[in-house]
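Input: a single structure, listed below in structure tokens.
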Amino acid sequence: MASDFEILGSNARMILDSRGNPTVECEIYLSYAMGRCSAPSGASTGKAEAVAFPEGGAARSIEFFNEKVKRSVIGFNSLDQSGFDNMLRDIDGTDNFSRMGGNLATALSMACAKAVSNAMGIPLYRYVGGMLLSVPRPLGNVIGGGKHARNGTTIQEFMVSAEGSSFLDSILVNSKVHRRIGELLQDRLKGQAIGMGDERAWAVSMKDDEAIDVIIQAAKEVSTETKTKVGVASDFAASSYYKDGKYHYHDRSLTQDEQIDFSISLIKERGFFLLEDPMDEVDFDGFASITSSVGNRAVIVGDDLYTTRSDLIRKGITKKSTNAVLIKVNQVGTLSQAAEAVETTRLAGWKSVISHRSGETTDDFIAHLAVGFRADMIKSGTVGGERLAKLNEVVRIQEDLIS
Ligand code: 2PG
Ligand code: MG
């Protein structure tokens with residue numbers, strides 16, 4: 001007789017993400033439970049991350065699933081998550097999931113964990129984290145551009161993070177800052193159209209320096225109004241505008257040294273509490289210059305720098321490049337590798353931030369991972385259904401934990 005945790009079947013289909021692009025959703029079936037997961041996609045992807053889809057896109061991933069995966073997973077013990085993930089790697093046969101696609105791997109890997117938690121009758125966050133759980137702080141994008149919006153700022157994301165009395169209180173304050181920025185932009189741009197980027201951050205044609213003034217003003221006003229501390233942060237996604245040795249902003253170009261000075265000034269002079277990817281994705285030393293200059297005063301996060309890979313995080317630890325890591329499961333393709341990345345980060349005494357992608361689905365697995373992994377922060381926008389699917393799930397989880 002099959003054990004309750006033996007995999008009896010699986011399924012993969014194409015669905016659309018928040019940008020309207022095809023992505024993959026998978027199911028893993030056990031005797032009495034099922035797990036379903038869909039994978040998101042990035043626009044500003046790191047060079048070292050898993051390939052989201054093979055040549056031929058999501059359709060080719062589904063074909064690959066039917067040809068090579070569907071039969072192989074039958075009979076596998078779903079409790080052996082890392083064994084399952086290694087099996088996916090072996091079936092793919094490459095080191096970046098370029099044959100099946102990192103998104104198919106992510107959806108299958110997460111569906112396996114969800115099936116187990118459903119079979120056990122416990123929430124996913126508890127299966128992932130056991131007794132050690134914590135509620136993260138929300139970090140949300142409010143104004144930006146880069147690869148997430150045409151005509152926006154050069155810098156990809158300006159973000160806020162409120163320190164409210166509860167998670168709900170914090171996301172409410174973050175969304176108030178988002179609204180306030182919309183009003184401030186309307187006043188400034190006098191009738192000009194105001195757009196939104198992929199993550200529903202405001203996107204308007206303005207200099208980065210102006211956007212910095214706007215976010216600081218909005219955060220201050222909302223902080224005073226709500227009597228809540230609101231931190232201001234940014235994801236430069238600097239690789240996306242680095243070319244031939246310079247960082248090309250819409251209105252100026254900066255050398256490596258100037259980019260380092262600009263980053264440090266945002267922290268020391270403008271009060272930013274967090275910077276993500278301020279330098280090009282291979283510039284471990286440039287990152288280290290910023291981190292050593294700001295010390296404990298700010299969180300310096302590597303995203304494209306590490307792409308959730310433990311080997312690259314270890315390199316960053318040796319070089320003291322950052323003091324925090326962004327974690328995205330589909331950058332490495334499996335849950336167990338993402339868990340290893342979080343563990344590597346924690347052992348260094350660094351902070352971890354569990355993140356959405358710019359092209360999201362309504363799947364809420366990052367909410368569960370943020371709590372189960374005891375991440376310091378969850379980065380998932382401020383407004384928009386697919387962003388709030390995660391944030392509202394953390395609200396439910398917090399209620400669960402204190403009841
Ligand atoms: C990032 C992410 C999420 P993308 O750079 O941190 O904001 O963007 O999914 O496009 O890589
Ligand atoms: Mg990033």
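Read the numbers this way: they start at 1 and go in the same order the structure lists the ligands and their atoms. Values reported hereafter were calculated over all heavy atoms of this structure, with side chains retained and with hydrogens, waters and symmetry mates removed.
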*State whether the number of non-hydrogen atoms from other residues, nucleotides or ligands found under 6.0 Å of N296 atom CG is greater than 12.*
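Atom CG in N296 is not crowded, with 12 or fewer foreign heavy atoms closer than 6.0 Å.
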*Within a radius of less than 6.0 Å around CZ of R396, do more than 12 heavy atoms belonging to other residues, nucleotides or ligands occur?*
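Enclosed: over 12 neighbouring heavy atoms sit under 6.0 Å from CZ of R396.
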*When rounded to the nearest 0.5 angstrom, what distance separates CG in D169 from CD in E163?*
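D169 atom CG to E163 atom CD measures 11.5 Å (nearest 0.5 Å).
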*Could you state the interatomic distance from CG (N330) to OG (S41), rounded to the nearest 0.5 Å?*
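The OG atom of S41 is 6.5 Å from CG of N330, to the nearest 0.5 Å.
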_Distances under 2.8 Å only: what protein N/O/S atoms are near the Mg ion (ligand 2), ordered by chain and residue?_
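The answer, once waters are left aside, is D235 OD2, E276 OE2, D303 OD2.
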_With N141, the side-chain hydrogen bond (donor to acceptor under 3.5 Å, both in side chains) member among R387, R200, E199, H356_ =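 Result for side-chain hydrogen bond (donor to acceptor under 3.5 Å, both in side chains) with N141: E199.
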*Main-chain N/O of P138 paired to S161 side chain as donor or acceptor, under 3.5 Å*: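 A pair under 3.5 Å: yes.
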*Keeping the roles fixed (side chain from D304, backbone from E281), state whether a donor-acceptor pair exists under 3.5 Å.*
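Judged by distance alone, no pair lies under 3.5 Å.
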*Salt bridge check: are E258 and R252 linked by an N-O gap of less than 4.0 Å?*
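Looking at R252 together with E258, the answer is no, because their closest N to O distance does not fall below 4.0 Å.
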_Per-ligand residue contacts, ligand 1, heavy-atom threshold under 4.0 Å_ =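 Residue list for ligand 1: G42, A43, S44, H148, Q156, E157, E199, D235, E276, D303, L326, K328, H356, R357, S358, K379.
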*If you draw the axis of the six-membered ring of F272, does the NZ or CZ of R270 fall within 45° of it and under 6.0 Å from the ring centre?*
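The answer is no, since R270 fails at least one limit relative to F272.
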